[in-house]
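Keep in mind it's a predicted model, so treat the numbers as computed, not measured.
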Amino acid sequence: MKLGMNLSFAVKRWLEPVQLANMIKNDFGLEHVQFTWDLIDPWWPEDLRSEMIRQYREAFEDAGVEIDATFGGLASYSYAHLLAPARAQRETAFLFFKRAIDLTVEMGAKVMGTPVGGMTYDDARNPEKRRELYETMLEYLRKLAAYGKEKGLEEIHIEATPLVTEFPHSPEVSVQMMKDLEGTDIPVKLLIDWGHALFQPLLKEEADIDLWFEKCAPYIGSIHLQQTDGMWDRHWDFTHEGGIITPELIRRATKQAGLDHITQYLEVVTIFEDDDDRVYEGMKKTMEYLHRELDERED
């Protein structure tokens with residue numbers, strides 16, 4: 001099983017590239033990361049943004065850690081993006097994602113990942129408007145794939161969530177969306193998050209990782225790993241009590257679906273007021289636990 005880490009845990013805490021890169025390699029024992037836009041916003045002025053990208057890229061290269069992909073973080077997720085009610089908002093999102101592709105390629109990563117955005121309450125419950133926004137979103141993704149190919153990006157990964165205001169929000173919708181995006185200039189794949197897939201209050205009987213993996217396996221490009229209780233999107237590390245995700249479940253579900261080759265990025269999101277040392281210790285203990293329970297059983 002391939003383990004990596006989303007850098008969300010470092011936001012507002014570990015912002016010095018060399019320190020962070022060495023932490024990932026030496027303290028957490030990892031060689032693959034997914035960079036978050038919460039560390040570098042794609043909207044930032046290009047010359048200043050490029051200098052920060054260079055610093056992170058060189059620090060991680062020197063530490064022997066590969067930045068496989070970039071991914072939209074908390075700030076980006078708060079916007080309606082490609083499912084916004086107004087065309088001006090959707091066009092703005094299109095420009096934003098093009099800049100995110102630029103950031104990704106400049107960082108030396110091959111994949112850009114993100115949720116596509118969110119509809120309003122009314123639009124999500126209006127079948128005609130819902131279909132219209134869905135088709136519009138697909139067209140934007142096709143154009144982003146074309147732009148990505150032009151710039152040297154290799155793949156786009158769309159994160160599934162359990163929210164009916166977003167696409168995709170279920171295994172069935174995820175598969176249909178991937179089929180509707182077949183033939184794009186570069187592949188558009190799914191990013192499946194353990195916590196999203198097991199969110200019982202919204203998904204009900206579909207809160208089943210085996211169901212998600214079985215139906216979506218041919219289209220999955222990456223996975224977010226987190227500890228959760230299935231009642232909220234916790235994004236806990238694996239030191240928390242009350243979690244329902246066990247190493248046995250991870251191994252069995254991943255192997256059964258033939259997804260051992262797909263990188264699973266630990267994505268821990270903590271409250272900003274949490275103690276920095278406590279966050280670090282939780283991450284370190286989590287990675288020691290995951291390496292012990294997952295790495296040694298790859299056979």
Side-chain angles (χ1 to χ4, degrees), residues 1-6 32 34 68-69 71 111-116 130 134 137-138 141 145 154-184 186-236 238 243-268 290 293-299:
M1 184 179 301
K2 297 176 65 176
L3 287 174
M5 183 177 289
N6 181 287
H32 296 274
Q34 188 183 58
D68 301 329
F71 185 78
V111 176
M112 184 200 77
T114 183
V116 297
R130 185 180 183 86
Y134 177 73
M137 176 268 295
L138 293 180
L141 287 178
E154 294 188 8
E155 294 180 0
I156 295 173
H157 292 183
I158 301 302
E159 184 174 38
T161 81
L163 300 174
V164 71
T165 52
E166 301 184 20
F167 288 115
H169 67 280
S170 71
E172 182 180 358
V173 172
S174 295
V175 171
Q176 186 59 55
M177 183 171 164
M178 292 300 102
K179 289 181 178 179
D180 289 339
L181 286 167
E182 287 177 353
T184 51
I186 59 174
V188 178
K189 297 183 178 181
L190 288 171
L191 189 160
I192 300 300
D193 183 296
W194 278 82
H196 298 175
L198 296 176
F199 191 70
Q200 181 67 34
L202 292 178
L203 291 174
K204 311 298 184 188
E205 68 277 0
E206 290 187 313
D208 180 345
I209 196 65
D210 289 323
L211 176 65
W212 279 87
F213 279 0
E214 177 187 354
K215 287 185 175 292
C216 300
Y219 307 103
I220 295 175
S222 52
I223 297 170
H224 277 166
L225 182 61
Q226 56 159 298
Q227 183 58 283
T228 185
D229 59 2
M231 300 309 295
W232 293 103
D233 187 20
R234 300 293 190 180
H235 286 278
W236 284 336
F238 279 77
I244 61 175
I245 300 176
T246 65
E248 293 76 21
L249 177 59
I250 297 170
R251 291 197 303 271
R252 180 189 58 73
T254 303
K255 184 177 182 61
Q256 184 173 288
L259 296 171
D260 280 325
H261 63 294
I262 299 297
T263 304
Q264 301 203 31
Y265 298 96
L266 176 70
E267 188 187 32
V268 172
L290 293 178
E293 295 294 329
L294 300 178
D295 289 353
E296 295 176 0
R297 292 172 171 80
E298 286 188 88
D299 55 5

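- Between the Thr114 side chain and the Val116 main chain, no donor and acceptor come within less than 3.5 Å of each other.
- A heavy-atom distance below 4.5 Å is not found between the side chains of Val268 and Met5.
- Annotation: side chain of Phe71 is in contact with side chain of Leu191 (closest heavy-atom distance under 4.5 Å).
- Side-chain atoms of Phe167 and Leu138, non-hydrogen and from C-beta on, never get closer than 4.5 Å to each other.
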Practice task
Take Ser170 and Glu206 through the side-chain hydrogen bond (donor to acceptor under 3.5 Å, both in side chains) test and state the conclusion after the steps.
Solution key: CA-CA 8 Å; Ser170 71; Glu206 290 187 313; 4.6 Å; no

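- In this structure, Ile192 CD1 and Ile209 CD1 are separated by 7.5 Å, a value rounded to the nearest 0.5 Å.
- Side-chain contact between Ile186 and Glu154 is absent, with no heavy atoms from C-beta onward closer than 4.5 Å.
- We find the CE-NZ distance between Met1 and Lys255 to be 9.5 Å, quoted to the nearest 0.5 Å.
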Problem - From CA spacing to verdict: side-chain hydrogen bond (donor to acceptor under 3.5 Å, both in side chains), His157, Ser222 - result: CA-CA 7 Å; His157 292 183; Ser222 52; 2.8 Å; yes

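- Minimum interatomic distance between Cys216 and Leu190 (heavy atoms only, all atoms of both residues): CB-CD1, 3.8 Å.
- Applying the 6.0 Å contact sphere to CD of Glu172 captures no more than 12 heavy atoms from other residues, nucleotides or ligands.
- Listed for the Thr228 side chain is a donor-acceptor partner under 3.5 Å among the backbone atoms of Trp232.
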Exercise for the section: For side-chain contact (heavy atoms from CB on, under 4.5 Å), just list the numbers for Val188 and Met178, CA-CA rounded to whole Å, side-chain angles, deciding distance to a tenth of an Å, and then say yes or no. Expected result: CA-CA 7 Å; Val188 178; Met178 292 300 102; 4.3 Å; yes

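- Among residues two or more places apart in sequence or in another chain, the ring-ring contact (aromatic ring centres under 6.0 Å, His included) test is passed with His235 by His196.
- To the nearest 0.5 angstrom, Ile262 atom CD1 is 9.5 Å from Phe213 atom CZ.
- Within the 3.5 Å criterion, the main-chain N or O of Ile245 finds a donor-acceptor partner in the side chain of Gln227.
- When each of Leu181, Val175, Asp180 is tested with Met177 by the rule side chain to side chain contact (heavy atoms under 4.5 Å, CB included), just one qualifies, namely Leu181.
- Side-chain contact between Trp194 and Glu267 is absent, with no heavy atoms from C-beta onward closer than 4.5 Å.
- Residues Leu290 and Pro247 are not in side-chain contact: their nearest non-hydrogen atoms beyond the backbone lie 4.5 Å or more apart.
- Within the 4.5 Å cutoff, side-chain heavy atoms of Leu3 are placed close to those of Asp295.
- With hydrogens and angles disregarded, a donor-acceptor distance shorter than 3.5 Å links the side chain of Arg251 to the backbone of Glu293.
- Evaluation of the side-chain hydrogen bond (donor to acceptor under 3.5 Å, both in side chains) rule for Thr254 yields Gln264 as partners, not counting sequence neighbours.
- The shortest distance between side-chain heavy atoms of Trp212 and Leu203 falls below 4.5 Å.
- Checked against side-chain contact (heavy atoms from CB on, under 4.5 Å), Gln200 has the following partners two or more places apart in sequence or in another chain: Ala207, Met231.
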